[in-house]
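From a predicted model like this one, the values you see are computed outputs, not experimental measurements. Each chain gets a letter, A, B and so on, in the order the sequences are listed, and its residues count up from 1. Computed over heavy atoms, backbone and side chain alike; hydrogens, waters and symmetry mates excluded.
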2 protein chains.
Amino acid sequence: MEEGTSNSPSDCCSTDRDYDIHQWDAREDCEVRQILDRIADKWSLLVIALLEKRTLRFTELRKSIDGISQRMLTTTLRQLERDGLIERTVYPVVPPRVDYALTELGCTLHETIKALVVWTETNQAKIISARRSYDERASEKLW
Amino acid sequence: MEEGTSNSPSDCCSTDRDYDIHQWDAREDCEVRQILDRIADKWSLLVIALLEKRTLRFTELRKSIDGISQRMLTTTLRQLERDGLIERTVYPVVPPRVDYALTELGCTLHETIKALVVWTETNQAKIISARRSYDERASEKLW
DNA sequence: ATCCTCGGTTCCCTATTGTAACCAAGGCTG
DNA sequence: CAGCCTTGGTTACAATAGGGAACCGAGGAT
């Protein structure tokens with residue numbers, strides 16, 4: 001009744017109670033998901049990766065992260081600071097000098113982020129070839 | 001000359017050659033960065049986390065991932081499939097049945113993603129309290 | 001007096017994402 | 001046999017996030 005009743009290939013695992021597999025992503029307002037959204041972010045990832053080496057100034061970050069806009073760098077840094085992952089130090093000088101450094105918490109996060117980066121570096125060839133064959137198959141189907 | 005010459009706190013580390021700290025994020029079109037952008041994505045992360053447990057159908061994924069739109073689920077799944085991280089199996093039945101499963105490559109990625117999720121679960125209390133104190137400090141400064 | 005620096009903020013416009021409606025194809029219901 | 005149901009999408013349009021560029025403030029250098 002719920003399945004494709006006549007000819008579905010295997011009617012074995014489709015009752016409703018199976019849906020709550022993970023609890024942490026059940027509700028959209030789940031804290032863990034909110035935090036993941038912030039951490040697993042294009043720019044946050046790069047900022048944390050860069051700050052692991054050493055403290056950097058605003059402009060150093062901007063130059064290091066090719067393609068980031070000043071607006072997004074500011075926003076990203078503020079969010080990371082709010083989450084206690086980086087520390088912002090303002091020196092009352094002119095022109096202003098602002099240093100950004102990983103906090104202890106940020107350092108622990110860097111460990112897992114590094115694992116992600118390493119995984120990507122290790123497997124990038126596989127992914128690129130997967131894309132190539134996918135695109136080939138897709139263009140074949142057009143004919 | 002380059003620094004705040006008169007009264008900057010520590011003129012020790014600001015020559016230009018220091019900027020190329022990581023090579024993998026030097027150029028925006030870097031493959032690793034492109035792949036990271038795709039992987040470290042709000043929805044991709046959740047899809048991979050869910051598929052680790054078992055193969056799921058399109059509708060099961062949609063129900064499991066609260067807040068995802070049908071359009072974004074489709075898009076996300078296509079990208080993951082293209083990258084060789086998940087496998088899409090279409091059964092020629094009516095109504096259609098489409099199963100999604102992690103590939104071997106996807107499984108290896110899941111390991112590192114799980115580390116990220118575990119980190120988040122472990123440290124969410126710290127982050128939440130960091131946010132609270134940040135917000136308090138911010139509201140104080142308004143007065 | 002004017003220009004320069006750094007670390008932003010603001011404005012405007014484009015690009016990505018969400019919302020909702022529609023679709024195909026065949027089985028089931030009346 | 002007409003019309004409705006199902007799943008797994010696609011399409012058109014609205015909202016929101018992000019990029020680009022201009023501007024700013026404070027004081028030192030020219």
Round to the nearest Å and state the distance from A/Arg97 atom CZ to D/dG25 atom P. 24 Å
Does A/Arg57 have a side-chain nitrogen or oxygen under 4.0 Å from the phosphate oxygens OP1 or OP2 of C/dC6? no
Looking at every heavy atom in both B/Asp83 and A/Ile127, which two are closest together, and how far apart are they? O-CG1, 3.8 Å
Round to the nearest Å and state the distance from A/Phe58 atom CZ to C/dG7 atom P. 7 Å
So if you build clusters from Ile, Leu, Val, Met, Phe, Trp, Tyr with side-chain heavy-atom gaps below 4.5 Å, do A/Tyr134 and B/Val90 land together? no
Is there a donor-acceptor contact under 3.5 Å from the side chain of B/Thr103 to the main chain of B/Leu85? yes
Rounded to whole Å, CG of A/Leu61 lies from C1' of C/dG7 at a distance of 12 Å
Less than 3.5 Å apart, which donor and acceptor atoms pair up between the side chains of residues 72-81 of chain B and the rest of the protein, not counting sequence neighbours?
unit_1  : atom_1 : unit_2  : atom_2 : d
B/Thr74 : OG1    : B/Gln70 : O      : 2.8
B/Thr75 : OG1    : B/Arg71 : O      : 2.8
B/Thr76 : OG1    : B/Met72 : O      : 2.7

Show me the donor-acceptor pairs within less than 3.5 Å that the side chains of residues 42-49 of chain B make with the rest of the protein, sequence neighbours left out.
unit_1  : atom_1 : unit_2  : atom_2 : d
B/Ser44 : OG     : B/Arg38 : O      : 3.2
B/Ser44 : OG     : B/Asp41 : OD2    : 3.1

Starting at atom NZ of B/Lys63, determine the distance to atom P of D/dG8, rounded to an integer number of angstrom. 10 Å
Take a 6.0 Å sphere around CD of B/Glu87 and say whether it holds more than 12 heavy atoms from other residues, nucleotides or ligands. no
Under 3.5 Å, side chain of A/Thr55 to main-chain N/O of A/Ala101, donor-acceptor pair present? no
So if I take residues 77-88 of chain A and measure heavy-atom distances to DNA chain C, which residues fall below 4.0 Å? A/Arg78, A/Arg88
State whether B/Arg54 and B/Glu60 are salt-bridged, where the test is any N-O pair (Lys NZ or Arg NE/NH1/NH2 against Asp/Glu carboxylate O) under 4.0 Å. yes
Restricting to non-hydrogen atoms, name the atom on B/Ser64 and the atom on B/Leu50 that form the minimum distance, rounded to 0.1 Å. CB-CD1, 3.6 Å
Tabulate protein N/O versus nucleotide N/O from nucleotides 16-20 of chain C, keeping only pairs under 3.5 Å, one per line.
unit_1 : atom_1 : unit_2  : atom_2 : d
C/dG18 : N7     : B/Arg71 : NE     : 3.2
C/dG18 : N7     : B/Arg71 : NH2    : 2.9
C/dG18 : O6     : B/Arg71 : NE     : 3.4
C/dT19 : O4     : B/Arg71 : NE     : 3.3

Shortest non-hydrogen contact between B/Glu52 and B/Leu102, atoms and distance: CA-CD1, 3.8 Å
Restricting to salt bridge (Lys or Arg N to Asp or Glu O under 4.0 Å), what partner residues turn up for A/Arg82, sequence neighbours left out? B/Asp135
All N/O pairs under 3.5 Å across the protein-nucleotides 1-4 of chain C interface:
none

When you get a sec, tell me which of C/dT9, C/dC6, D/dG8 is the closest nucleotide to the side chain of A/Thr74? C/dT9
